[in-house]
Amino acid sequence: MDLSAINWAVLVASLMVAATPILLAALGELVVEKAGVLNLGVEGMMILGAICGFAVAVETGSPLVGFFGAAAGGALLALVFAVLTQVLLSNQVATGLALTLFGLGISALLGQGYVGIKPPKTEKLDFGPLSDLPVVGTILFNHDYMIYFSLALVAAVWWFLRYSRGGLILRAVGENHEAAHALGYKVVVIRFAAIAFGGACAGLGGAYLSLVRVPQWTEGMTAGAGWIALAIVVFASWRAFGVLLGAYLFGGVTVLQLNLQAAGVAVPVEYLSMSPYLITILVLVIMSADRSRAALGAPASLGRSFHASN
Amino acid sequence: MIHLVKRPQPSRAWSYATPVLAVLMTMVAGGAMFAALGKDPVEVIRTIFWDPLFGEFAFYFRGQLLVKAAPLILIAVGLSLGFKAGIWNIGAEGQYILGAICGAAVGLAFYPMEARWLIFPLMIIAGALGGWAWAMIPAILKTRFNTNEILVSLLLVYVAEQLLAKMALGALRNPDGAGFPGSRNLSQYASASNPELIAGSGMHWGVVAALIAVIFGYVLFARHMWGFQIRLTGESPRAARFGGVKPTRLVIFCLGVSGALAGLAGLFEVAGPAGQISIDFNVGYGFTAIIVAFLGRLHPVGILLAGLLMALTYIGGEAAASNLGLPSAAIQAFQGMLLFFLLAVDVLTNYSLRFGKGEVA
């Protein structure tokens, strides 16, 4: 095995690409969970976003329009979840699962004509000479706009939850929906908005997979990314920058194991491929073992149905 | 304005009516989807739900019905225990794979010995243990470290799929298979096969096990302390705690039983209808069983009926795919839609609709 063959600057740059789908999806889910809703349908919304984004980008020839389509697709599926859980008061866990099962089916159906096509290329942003800097240029100034957008979104979500009035209301709804309701906040409306935002983010994450990371459409291509995004929200203790850290760590593991596969390490490919999932489980265990810490960030009303009796 | 008023007690009548209503609504919405795909909706629905039972080739399809329903029912009965208590094992697909790997490994280890009385029972035990052990991972992490069992059980499915690939290409590969992936065919090895018990009926040992599981589930809920504790925990966790229910034991029990049953389903599948360990051995029964469990309203007898109905959509879907050119993904979307409608109309069981302006309570 020759580890020196791995270029570490390129590795960091590609881990950012590998992490972005999960980062986007996990950020959306963070806002949803902060509003007190547990949407386990991230995987379904991601895969629907992946095919919507792919199809729209191929038809219009513009990846940017594709990303908008992906966000719309993800949000639309999320609204189904919102109607079921917020209006019809269905169980959130079961409804999230339904979202995933349905999303996998409908995306396979929509994607039938798109197998084996190359999507239009998402251009890298032009930083002029900055991109040519050694190491720093490769890592910081050599990406497409979605990477910068995802980083800006981390900061925006952090600011929104922490400093804005809207964020305060959202957190109040998530901590104690009865109290928020008594104060006159529209619990259901706020949760609808949060769920739609989460769906749009998951859709963007999925489209980043099909348009940039892979870039191709294959059935079931998310391969558990949505579930890992859910785990990363727990890992982050429901904090925006924790999500960033978690997603990039995960991206690092993924890229490293791919590099090790390519470098021909003596470990069978299958065992390397299962390592991201095992590491996610391990991280979950470590985070949840410390009960005081796990309870600190979790919204108190997470996963509970809200029904105003009058 | 329509608004919801919580019923003092869940409506019995609606709890029977909602699954039927959901199936009808899914047929309407699914029909619209088939029409959008350019197929005649009535013909597609007839091909899926009517022809396999009463059509020209029903004698062939009826046998398939039990073959497909058995793993679904076996897994769903196990899942329903946990779902009732709010313990979410959604990784049955992984437990199913592990059951198949362990069971097949035991059978292959004895090849070519002829001792059915010994080998087949050992395989059954190994299959159940394999599924059980795989489910114990989330169970122990949940009870010991309070780790979310939903995420762990689901993530382990992807690990199990990689393990399956490794086994099909490595340890369990057929040494006489000219290097092709996949194990020896167990259904052609008399001591380890799970054959049809009555020719043409589709009845194999997995079907027998599914029926036993239904009876076991029924007795558990109707007569046994454990069943009562599961129901109590699901309906009122606080009351259950005061009533002396130990959550740890309940988690271990529910995940253990569902894992073992899923493992059994995998073993009977690999020794019978599938025949061998191959890379694409698992076809999603573990996930579809979640729909079956809810469609059966988490009741063993309901699950029996729901499993048969869901098996029908698989078989009818295949028929519609070959006869009418319906994409196979359409059936997957159709099944997902069914779960949506089920959850949507379930509101009628627990709430009643009132029309007019709501008065302040």
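Sequence lines set the chain letters: A, B, ... in the order given, protein chains first and strands last, and positions in each chain run from 1.
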Interchain contact, B/L37 with chain A, by part (heavy-atom threshold 4.5 Å): side chain

Under 4.5 Å from any heavy atom of chain B - which part of A/L110: neither

Most chain A-contacting option - heavy-atom pairs closer than 4.5 Å, from B/G336, B/A333, B/A344: B/A333

B/L343 portion near chain A, given a 4.5 angstrom heavy-atom threshold: both

Atom group of B/L154 that falls short of 4.5 Å from chain A, counting heavy atoms: side chain

Closest contact, heavy atoms only, B/L255 versus B/A135: O-CB, 3.3 Å

Most chain B-contacting option - heavy-atom pairs closer than 4.5 Å, from A/A108, A/A94, A/P276, A/S90: A/A94

Pick from A/V93, A/I106, A/T95 with the largest number of heavy-atom pairs that fall under 4.5 Å of chain B: A/V93

Contact class of B/F334 relative to chain A, heavy atoms under 4.5 angstrom: neither

Heavy-atom proximity to chain B below 4.5 Å, by part of A/V285: both

Separation of B/E149 CD from B/I140 CD1 (nearest 0.5 Å): 14.0 Å

Chain B contact via A/L84 - side chain, backbone, both or neither, heavy atoms under 4.5 Å: side chain

Separation between OG1 of A/T222 and CE of A/M45, rounded to the nearest 0.5 Å: 11.5 Å

Heavy-atom closest contact (B/I48 atom, B/A320 atom, distance): CG1-CB, 4.3 Å

Donor-acceptor under 3.5 Å (A/T218 side chain, A/M221 main chain): no

Most chain A-contacting option - heavy-atom pairs closer than 4.5 Å, from B/I331, B/V157, B/L339, B/T288: B/L339

Region of A/V80 in contact with chain B, defined by heavy-atom distances below 4.5 Å: side chain

Contacting moiety of B/L348, where chain A heavy atoms sit under 4.5 Å: neither

Partner chain B: residue of A/V269, A/L99, A/V234 with the largest heavy-atom pair count (under 4.5 Å): A/L99

Engaged part of B/L169 at the chain A interface, taking heavy atoms whose separation is under 4.5 Å: side chain

Heavy-atom proximity to chain B below 4.5 Å, by part of A/Y271: side chain

Interface residue of largest heavy-atom contact number with chain B, from A/T85, A/L284, A/L88, A/L97, under 4.5 Å: A/L88

Under 4.5 Å from a heavy atom of chain A, the part of B/L342 involved: neither

A/Q261 and A/S273: side chain donor to acceptor below 3.5 Å: yes

Nearest non-hydrogen partners of A/P299 and A/E33, listed with the distance: CG-O, 3.0 Å

Main-chain N/O of B/L163 paired with A/E270 side-chain donor or acceptor, under 3.5 Å: no

Within 6.0 angstrom of A/K186 NZ, more than 12 heavy atoms from elsewhere: no

Reported CH2-to-OH distance for the pair A/W227 and A/Y277, which is rounded to 0.5 angstrom: 13.0 Å

Contacting moiety of A/L104, where chain B heavy atoms sit under 4.5 Å: both

Proximal component of B/F287, with respect to chain A [non-hydrogen, under 4.5 Å]: both

NZ or CZ of B/K39 within 45° of B/F34 ring axis and under 6.0 Å: no

Distance in Å, A/L89 CG paired with B/D346 CG, rounded so as to fall on 0.5 Å steps: 10.5 Å

